[in-house]
Amino acid sequence: MNIETTKLELMHLLLQTQKESLLAKLKKVFDEEQIDWWSELSKEEQVEIETGLGQADKGEYTSNGTVMKRFDKWR
């Protein structure tokens with residue numbers, strides 16, 4: 001059985017069920033399988049992102065429009 005067939009069978013079963021407890025269990029499985037992208041980053045990457053967010057909160061950033069104007073002159 002290929003993955004597409006399995007997905008279709010599961011969708012069929014999912015649409016037919018009225019058992020909230022089963023749906024809750026399935027939701028829990030999917031939630032547990034979610035990859036937390038933040039934890040996949042290195043500590044250095046996390047620090048860089050946190051630094052950038054802190055700067056943005058203080059208004060210490062260059063707008064996208066200003067940056068794009070720099071590149072427009074080379075077109």
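When reading the values below, keep in mind they use all heavy atoms of this one structure, side chains included, and skip hydrogens, waters and symmetry mates.
- Counted within 6.0 Å of CD on Glu33, heavy atoms from surrounding residues, nucleotides or ligands total 12 or fewer; the atom is thus considered open.
- Counting non-hydrogen atoms of other residues, nucleotides and ligands closer than 6.0 Å to CD of Gln16 gives a total above 12.
- Of all heavy-atom pairs between Glu50 and Trp38, the closest is OE2-CZ2, 3.5 Å.
- Sparse packing is recorded around CD1 of Ile35, with 12 or fewer heavy atoms of other residues, nucleotides or ligands lying under 6.0 Å away.
- In this structure, Gln34 contributes its side chain and Asp31 its backbone to no donor-acceptor pair below 3.5 Å.
- Distance CG/Asn2 to NZ/Lys7: 9.5 Å, rounded to 0.5 Å.
- More than 12 heavy atoms of other shown residues, nucleotides or ligands fall within 6.0 angstrom of atom CG in Leu15.
- Linking ILVMFWY residues whenever their side-chain heavy atoms come closer than 4.5 Å, directly or via other members, places Leu41 and Leu53 in the same cluster.
- Remark: side-chain polar atoms of Thr17 are not paired, donor with acceptor, to backbone N or O of Leu14 under 3.5 angstrom.
- Taken to the nearest 0.5 Å, the CG atom of Leu26 stands 8.0 Å off from the CG atom of Leu10.
- Rounding to the nearest 0.5 Å places NZ of Lys28 at 15.0 Å from CG of Leu23.
- Atom-to-atom distance recorded for Gln55:CD and Thr62:OG1 is 10.0 Å, nearest 0.5 angstrom.
- Each of Val47 and Ile49 belongs to its own hydrophobic cluster when Ile, Leu, Val, Met, Phe, Trp and Tyr are linked at side-chain heavy-atom distances under 4.5 angstrom.
- To the nearest 0.5 angstrom, Glu44 atom CD is 8.0 Å from Glu48 atom CD.
- Residue Leu8 holds its CG atom at 11.0 Å from CD1 of Ile3, rounded to the nearest 0.5 Å.
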